[in-house]
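Notes for the one structure printed next.
Atoms considered below: every heavy atom in the structure, side chains included; atoms not considered: hydrogens, waters and symmetry mates. On a predicted model such as this, the values are computed, not experimentally measured, just so you know. Just follow the structure's listing: the first ligand is 1, and inside any ligand the first atom is 1.
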Amino acid sequence: MKELLKKATLKQLRQCLINKEFTSVELTGVSLSLAEADKTNSFITLSHEKALAAAENADKKLAQKCAQPLCGIPLSVKDNICTKGIKTTCASKMLEDFIPPYSATAVERLEQDGGVIIGKTNMDEFAMGSSSKTSYFGRVLNPCNENYVAGGSSGGSAAAVAAGICPASLGSDTGGSIRQPASFCGVTAIKPTYGTVSRQGLIAFASSLDQIGVVAKTAEYCAIILSTIAGKDGKDMTCVKEKEEYEKGLEIGLKGKTIGIPSELLLRVDEEVLTAFWQGIEVFKDFGCRVKTISLPFNNFSSTVYSVISSAEAASNLARYDGIRYGHRNNNGETFEEALKSLRGEAFGFEVKRRIMLGNFVLSDVNFEGYYKRATQLRQKIKELYNNAFNECDVILNPTAPTTAFPVKDGVLNEFSEAADVLTLPVNLAGLPSVTTTCGYDKRGLPIGLSITAPAFCDKLALGFAHRFENGGGRK
Ligand code: GLN
């Protein structure tokens with residue numbers, strides 16, 4: 001059954017469950033044992049009892065001919081998304097023992113549809129990073145080659161899917177955290193339009209950029225799961241999108257559609273990545289797409305705008321970890337200030353502290369106008385540039401990351417260099433949907449990702465492009 005779990009499509013797994021070839025309890029057991037034997041460290045917590053109870057429930061529903069597409073399917077959830085009764089740590093000492101009293105809306109919806117959550121996936125601490133090496137619980141390795149990182153911050157989710165432990169996983173994306181690890185591990189992922197999936201229960205990093213999304217084996221799985229988790233939620237007023245059936249109509253006609261290729265975004269991309277990207281473009285040309293060079297001239301400032309805005313929001317969001325409202329406690333310090341200094345000093349890792357300091361710096365009285373306000377103006381400019389670009393093309397294609405996965409042994413510099421996210425973060429600043437899929441491999445056998453970005457709330461269009469690509473010879 002292990003091979004089946006690795007290779008079968010979601011639909012095939014579902015058919016096997018319906019035909020009683022095996023039960024969800026059996027399937028979940030296999031998934032859990034794969035996760036236990038996993039050498040990539042993709043999980044922080046495995047939730048055996050709850051998963052098996054959910055699987056038993058799913059088996060009952062299946063016996064009553066339950067039509068929900070996820071019924072009985074083992075799934076995983078990034079450890080910054082709250083799961084009632086299951087530890088949710090954000091990969092930080094700060095939340096090492098935090099057991100949420102409620103589940104995120106996205107998780108509730110997965111469970112309502114019969115999805116079985118086997119555990120919580122590893123990540124960069126508080127979702128800050130591009131390598132999944134900053135986790136308090138140890139780094140995540142890339143299942144394609146364990147000498148390389150899985151990418152981040154949703155590295156555990158991407159690794160778990162790539163290793164065949166579960167067919168899909170929920171992640172979060174603030175500046176590329178779903179797409180970049182998916183690209184490094186050779187799986188598909190969607191960062192939905194801001195406002196498509198409720199952020200209720202997603203532990204906030206940068207609220208105006210954060211969005212829950214899906215990592216899965218294929219674009220079709222991403223679509224099926226997005227249909228379950230998306231849609232308005234009274235508990236998140238920024239979630240405005242009505243429910244939609246993303247998996248219906250994925251076979252879109254590509255003939256005559258225009259693909260925009262932003263010349264500036266290709267400037268700092270590795271040769272091998274570029275070669276695979278252009279091969280991917282040929283596949284779309286064969287479908288009858290037109291290709292047009294467009295201009296998105298924000299390369300010189302988008303990373304800085306992202307750093308300023310995301311750090312400012314992180315500094316505010318992470319103020320709640322004071323050992324009283326939330327988080328780690330110790331008994332040090334005579335005064336509140338001393339206690340705060342001691343417990344935050346002890347429980348946050350280096351990268352989290354760096355961002356809190358940067359955030360408070362740009363929000364301080366003297367710097368607010370020059371940094372924070374200026375960054376919000378430039379963010380508006382990035383949105384306008386995208387809007388103009390979409391007058392000329394239907395979707396925008398670029399490599400997902402400038403390189404393939406970094407060696408695990410590399411120093412920290414690589415992972416924190418702004419270059420790692422330069423191709424993914426503009427999409428978050430503009431709030432757009434973007435899907436990544438695999439378009440090739442480098443000479444070490446590491447996957448290369450291609451990103452498809454669509455106008456706001458045209459998530460289905462991006463998924464359709466990826467789906468046609470995956471089934472039309474694009475996926476190697
Ligand atoms: N790598 C980016 C950062 O560290 C993106 C993180 C994310 O999307 N959560 O900020």
Check contact between Ser310 and ligand 1, using heavy atoms of the residue and a distance below 4.0 angstrom. no
For the residue pair Phe284 and Phe469, does the interplanar ring angle fall in the parallel (under 30°), tilted (30 to 60°) or perpendicular (over 60°) class? parallel
Below 4.0 Å, non-hydrogen atoms only: which portion of Asp421 touches ligand 1? Side chain, backbone, both or neither. side chain
Ser153: numbered ligand 1 atoms lying under 4.0 Å from its heavy atoms: 9 (N)
By number and element, which atoms of ligand 1 are closer than 4.0 Å to a non-hydrogen atom of Ala127? 6 (C), 7 (C), 9 (N)
Distance under 4.0 Å to a non-hydrogen atom of Tyr306: what atoms of ligand 1 satisfy this? 2 (C), 3 (C), 5 (C), 6 (C), 10 (O)
Taking the ring centre of each residue, are Phe126 and Tyr321 less than 6.0 Å apart? yes
State yes or no: are the ring centers of Phe298 and Tyr306 separated by less than 6.0 Å? no
Which of the numbered atoms in ligand 1 are under 4.0 angstrom from any heavy atom belonging to Arg355? 3 (C), 4 (O), 10 (O)
Which atoms of ligand 1 sit under 4.0 Å from any heavy atom of Gly175? 5 (C), 7 (C), 8 (O)
Please tell me if the side chains of Met94 and Arg344 come closer than 4.5 Å, counting only heavy atoms from C-beta onward. yes
As an exercise, identify every atom of ligand 1 less than 4.0 angstrom from a heavy atom of Phe205. 9 (N), 10 (O)
For Ile86 and Ser47, work out which heavy atoms get closest and say how close. CD1-OG, 3.5 Å
In this structure, which one of Asn122, Thr121, Thr89 forms a side-chain hydrogen bond (donor to acceptor under 3.5 Å, both in side chains) with Asp79? Thr89
Looking only at non-hydrogen atoms, which of Ser130, Ser311, Ser154 approaches atom 1 (N) of ligand 1 most closely? Ser130
Below 4.5 Å, heavy atoms only, C-beta onward: do Leu10 and Leu70 meet side chain to side chain? yes
Mind checking whether Gly152 has an N or O less than 3.5 Å away from an N or O of ligand 1? no
Near Gln377 CD, under 6.0 Å, is it more than 12 heavy atoms from other residues, nucleotides or ligands? yes
Considering the heavy atoms of Met128, write down every atom of ligand 1 situated less than 4.0 Å from one of them. 4 (O)
